[in-house]
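To start, the structure under review is shown below, and the notes come after it.
Values below: all heavy atoms of this structure, side chains included; hydrogens, waters and symmetry mates excluded.
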Amino acid sequence: MILGLRINTNRVSFNSTCDNLLINKIRSNSRRGNLVFAKTISSNSEEIDEKLVKNEKKISDQSSWEAKDSEGKDYLYRLGKEADNMNISVGARAGIIDDLFVGSFLGKDSDIVFDYRQKATRTFEYLQGDYYIAPVFMDKVACHLVKNFIVNQLNVKVPLILGIWGGKGQGKTFQTELIFRAMGVEPIIMSAGELESERAGEPGRMIRERYRTASQVIQNQGKMSCLMINDIDAGLGRHGHTQMTVNNQIVVGTLMNLCDNPTRVSIGQDWRASDMTHRVPIIVTGNDLSTIYAPLIRDGRMDKFYWQPTREDIIGIVHRMYEKDGIPRDAVESIVDTFPNQALDFYGAMRSRTYDRSISKWVEEVGGFENLGKTLLKRKKEGKLPTFIPPEQTVEGLLESGNSLIKEQQLIMGTKLSKEYMKNLDD
């Protein structure tokens, strides 16, 4: 058997005479930098001796293999016992521990998953430019975060969860992300699709783990953080005759327990001292919170905020959207008044549809629709794609795109092909 340390075979002693060939083989392995486990067999297959040859020299002054904690216990044993340890500096890191084994093959930091573990939070560096944040939205989110961070100084009951709800496409998530960027908050973000799993209890455990991760961001990085769950009613809401699953019940129970005990969160079976965490505010978004289990959304646990942007909010947001296209504010006001009662994403879809003709023209320059895939990928790889020139935005073009979107909406609502395909379907 061969292990991973170097020894001097001249110091190895045996209780009986070994075969010369076996001794030569041991010395040969030693010269190649291997440690031989001194369990030798003679030519007549009898066991001669069994001992582990140890190196007297320590591996490294910083080696975690021989490190002891403050109580004199083995460091790696304690690290494994506390499986929820969030010390992201543990690993083959230059200048931290195990420096002897940090080479330059993968760079000085050979722990290739370090960046992934470190960036469990979401940053919003991609949100470049100047965006409009509704003042009432900013006040509500900022007030909720601040109240939860200074709850010990307040003599009032502070709900842990803020439920932001309202119509579809009104920018609830995007406005929240803009506020996070403005305040320097790095949240942990979940979606409704993660609230169900083929394994019972997995979504509830995931929520607790991410809650604790946000707590570690606050403690270790000194940054504000929170847990955000998007479209929570799509995962937990009861619509019509949908059935509640075990995971739905566990998720609801987990969120209720977090509201009641926000500083003591366990991800295992036993309570431990390390289960004490920082209080982490939670923000959820949805379209209809009335579909969620009522005790979860009671006032003591969840603070509700109905987001319905006013005309001024819509004009401000759309103007920032069209500002780089040279559309003045008065023109934006006329566009908003032409299409009343539309969600904010409607005006983004309007601008996107104005690109259709220019893209069709660009495809002809690439080589046409017939061999588009092959030509597009090949020329992209070679760096020979023609430059796409965005169309010049005009009020007339935007209105034309808006009218075509309205026709599509009316066609869907007016046709209802489901009635044609399923004759017995009730209205």
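- Salt-bridge annotation for Arg329 and Glu312: present, with a side-chain N of the basic residue lying under 4.0 Å from a carboxylate O of the acidic one.
- Atom CG of Asn230 sits about 4.0 Å away from atom OG1 of Thr173, to the nearest 0.5 Å.
- A donor-acceptor pair under 3.5 Å is absent between the side-chain atoms of Lys172 and the main chain of Gln170, judged by distance alone.
- At least one donor-acceptor pair closer than 3.5 Å links the side chain of Lys304 to the backbone N or O of Ile297.
- Put simply, the side chain of Arg264 never gets that close to the backbone of Pro262: no donor and acceptor are under 3.5 Å apart.
- Remark: of the listed residues Glu198, Glu202, Glu196, Glu196 is the sole one forming a side-chain hydrogen bond (donor to acceptor under 3.5 Å, both in side chains) with Asn247.
- To the nearest 0.5 Å, atoms CG (Leu296) and CD1 (Ile232) are separated by 6.0 Å.
- Remark: the Thr310 side chain and the Asp313 side chain contain an N/O donor-acceptor pair separated by less than 3.5 Å.
- Gly348 and Met321 make their closest contact through CA-SD, 3.7 Å (heavy atoms, listed as atom of the first residue, atom of the second, distance).
- When every heavy atom of Pro309 is checked against every heavy atom of Leu344, the shortest pair comes out as CG-CD1, 4.3 Å.
- From Ile335, atom CD1 reaches atom CD1 of Ile314 across 13.0 Å, with rounding to the nearest 0.5 Å.
- A donor-acceptor pair under 3.5 Å links the side-chain atoms of Thr285 to the main chain of Asp231, judged by distance alone.
- Residues Leu255 and Leu160 have side chains not in contact (no heavy-atom distance under 4.5 Å, counting atoms from C-beta outward).
- Contact check for Met302 versus Val284: side-chain heavy atoms found under the 4.5 Å cut-off.
- With Asp233 contributing its side chain and Asp288 its backbone, the two residues share a donor-acceptor pair below 3.5 Å.
- In this structure, CG in Leu398 is found 9.0 Å from CZ in Phe339, a value given to the nearest 0.5 Å.
- Nearest approach of Val185 to Ser225, heavy atoms of both residues: CG1-CA, 4.0 Å.
- Not counting sequence neighbours, the partners of Phe137 by the ring-ring contact (aromatic ring centres under 6.0 Å, His included) test are Phe305, Trp307.
- Here the side chain of Ser401 pairs a donor or acceptor atom with the backbone of Gly397 at under 3.5 angstrom.
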Extract all donor-acceptor atom pairs below 3.5 Å that involve side chains of residues 357-364 and protein atoms in other chains or at least two apart in sequence.
residue : atom : partner : partner atom : Å
Arg357  : NH2  : Glu400  : OE2          : 3.0
Ser360  : OG   : Asp356  : O            : 3.2
Trp362  : NE1  : Pro386  : O            : 2.9

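- At a cut-off of 3.5 Å, with distance as the only test, a side-chain donor of Asn248 or Thr245 sits close to an acceptor on the other residue.
- Between the side chain of Arg208 and the backbone N or O of Ser266, at least one donor-acceptor pair lies under 3.5 Å.
- Rounded to the nearest 0.5 Å, atoms CD1 (Ile207) and CD1 (Ile282) are 8.0 Å apart.
- Residues satisfying the ring-ring contact (aromatic ring centres under 6.0 Å, His included) test with Tyr355, not counting sequence neighbours, are none.
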Stepwise side chain to side chain contact (heavy atoms under 4.5 Å, CB included) test for Gln342 and Met350: CA-CA 11 Å; Gln342 291 292 335; Met350 275 176 49; over 6 Å; no
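- A distance of 9.0 Å separates CG of Leu227 from CD1 of Ile161, quoted to the nearest 0.5 Å.
- A 4.5 Å side-chain heavy-atom check between Met138 and Met183 finds at least one atom pair inside the cut-off.
- For Gln308, the CD atom sits in a packed shell: over 12 heavy atoms of surrounding residues, nucleotides or ligands are nearer than 6.0 Å.
- Panel note: side chain Gln175, backbone Tyr132; a donor-acceptor pair is recorded below 3.5 Å.
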From CA spacing to verdict: side chain to side chain contact (heavy atoms under 4.5 Å, CB included), Ile188, Tyr211: CA-CA 8 Å; Ile188 305 288; Tyr211 184 92; over 6 Å; no
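- At distances below 3.5 Å, at least one donor-acceptor pair connects side-chain atoms of Glu194 with backbone N or O atoms of Ser191.
- Smallest separation of non-hydrogen atoms from Cys226 and Ile283: SG-CD1, 4.5 Å.
- Checked for salt-bridge contact, Arg301 and Asp260 meet the test: a charged N lies under 4.0 Å from a carboxylate O.
- The closest donor-acceptor contact from the side chain of Tyr322 to the backbone of Tyr347 lies under 3.5 Å.
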Worked verdict on Ile315 versus Arg311 for side chain to side chain contact (heavy atoms under 4.5 Å, CB included): CA-CA 6 Å; Ile315 291 175; Arg311 180 177 179 273; 3.5 Å; yes
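- Across Trp165 and Asn287, no two heavy atoms sit closer than the pair CE3-O, 3.6 Å.
- Taking both residues in full, the closest heavy atoms of Ile327 and His319 are given as O-CD2, 3.9 Å, listed atom of the first, atom of the second, then distance.
- More than 12 heavy-atom neighbours from other residues, nucleotides or ligands sit within 6.0 angstrom of CD1 on Ile150.
- Counting heavy atoms from C-beta outward, Lys140 and Ile164 have side chains that stay 4.5 Å or more apart.
- Annotation: Tyr293, atom OH; neighbour count of heavy atoms from other residues, nucleotides and ligands within 6.0 Å does not exceed 12.
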